[in-house]
Amino acid sequence: MEANIDWTLIILTFIVGCGVGALIYHLLNTNTGENSDLKQRMNQKEMEFVRLNENVSEHFARTDELLAGMEKNYQNLVSHLQSGAESFCDDASLYKRISKKSRQNDKQQTDYTKEDHHAPMDYAPKTSGTLSEDFGLEREEIPEPPKGL
């Protein structure tokens with residue numbers, strides 16, 4: 001009889017173990033569907049990001065091409081006006097003034113691009129230290145309380 005109880009206990013333990021294992025498996029696999037949906041959405045967002053990045057790159061490349069074309073057209077216009085001034089201006093002094101003004105305008109344009117674009121200065125001068133907490137702040141005079149009180 002004792003052997004019969006041992007076999008019954010073994011079979012009952014096996015059935016309970018299978019039930020607990022199935023329950024744990026079921027609980028762990030419920031998140032798998034949500035995770036795969038999350039991974040799919042993440043992959044979709046990554047693809048959208050890559051497409052957006054490519055579109056931005058194409059936009060700036062096209063903008064650069066258009067600006068280069070504008071610059072070339074501007075130079076062609078200036079040379080056309082200078083050749084017209086050469087052929088239609090009989091007065092040599094007038095032609096010299098026009099040429100001088102056009103060279104000054106060119107020089108001003110190059111000076112403008114060189115001088116007006118500076119890197120931002122996000123540091124304090126060396127006299128007060130690079131990361132001085134009081135840089136650019138004015139000190140306020142704090143009145144002293146009367147001494148007679």
Side-chain angles (χ1 to χ4, degrees), residues 8-147:
T8 307
L9 189 61
I10 291 174
I11 291 173
L12 186 62
T13 306
F14 178 74
I15 291 173
V16 170
C18 287
V20 170
L23 180 65
I24 291 173
Y25 177 78
H26 177 70
L27 291 175
L28 292 178
N29 273 345
T30 55
N31 291 334
T32 306
E34 294 173 8
N35 288 342
S36 65
D37 183 45
L38 183 62
K39 286 180 182 178
Q40 182 181 8
R41 286 190 352 226
M42 187 175 77
N43 287 338
Q44 182 182 7
K45 293 295 180 185
E46 284 180 5
M47 293 297 291
E48 289 176 10
F49 178 72
V50 167
R51 277 192 302 243
L52 178 66
N53 215 1
E54 289 172 356
N55 288 341
V56 168
S57 297
E58 290 174 9
H59 169 76
F60 283 116
R62 178 72 177 138
T63 302
D64 183 50
E65 291 172 5
L66 291 173
L67 283 174
M70 278 180 54
E71 184 178 342
K72 184 177 178 182
N73 287 338
Y74 171 75
Q75 290 173 353
N76 288 339
L77 178 64
V78 168
S79 66
H80 172 72
L81 290 173
Q82 285 178 344
S83 66
E86 287 176 8
S87 61
F88 296 124
C89 288
D90 294 333
D91 190 9
S93 64
L94 178 63
Y95 175 69
K96 287 180 184 178
R97 283 192 318 202
I98 292 172
S99 297
K100 185 178 180 182
K101 285 184 182 180
S102 113
R103 281 183 294 214
Q104 286 176 349
N105 287 340
D106 290 341
K107 185 179 178 185
Q108 286 176 353
Q109 286 177 352
T110 56
D111 290 345
Y112 173 77
T113 57
K114 289 178 186 175
E115 293 176 3
D116 290 342
H117 298 292
H118 296 286
M121 297 177 65
D122 55 350
Y123 52 87
K126 292 189 184 276
T127 58
S128 62
T130 305
L131 297 175
S132 177
E133 291 181 8
D134 59 349
F135 173 70
L137 300 176
E138 295 179 15
R139 296 200 182 265
E140 295 181 17
E141 294 294 326
I142 301 173
E144 293 184 23
K147 294 184 179 184

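Everything numeric in this text was worked out from a predicted model, so none of it was measured.
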Gap between atom [atom2] of [Y] and atom [atom1] of [X] - 0.5 Å precision:
X: Glu58; Y: Asn53; atom1: CD; atom2: CG; value: 10.5 Å
X: Met47; Y: Leu52; atom1: CE; atom2: CG; value: 13.0 Å
X: Ile10; Y: Ile15; atom1: CD1; atom2: CD1; value: 12.5 Å
X: Glu71; Y: Asn76; atom1: CD; atom2: CG; value: 11.0 Å

Is the closest side-chain heavy-atom distance between Asp37 and Arg41 below 4.5 Å?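 SC-SC contact between Asp37 and Arg41 confirmed.
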Can you find a pair of side-chain heavy atoms, one from His59 and one from Thr63, that are under 4.5 Å apart?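 His59 vs Thr63: side chains touch.
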Evaluate Arg51 against Glu54 for salt bridge (Lys or Arg N to Asp or Glu O under 4.0 Å), listing each step before the verdict. CA-CA 5 Å; Arg51 277 192 302 243; Glu54 289 172 356; over 6 Å; no
Val16, Leu9, Ile11 screened by side-chain contact (heavy atoms from CB on, under 4.5 Å) with Thr13, the one that passes: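 Among the candidates, only Leu9 passes.
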Would you say Glu46 has more than 12 foreign heavy atoms packed within less than 6.0 Å of its CD?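 Enclosed.
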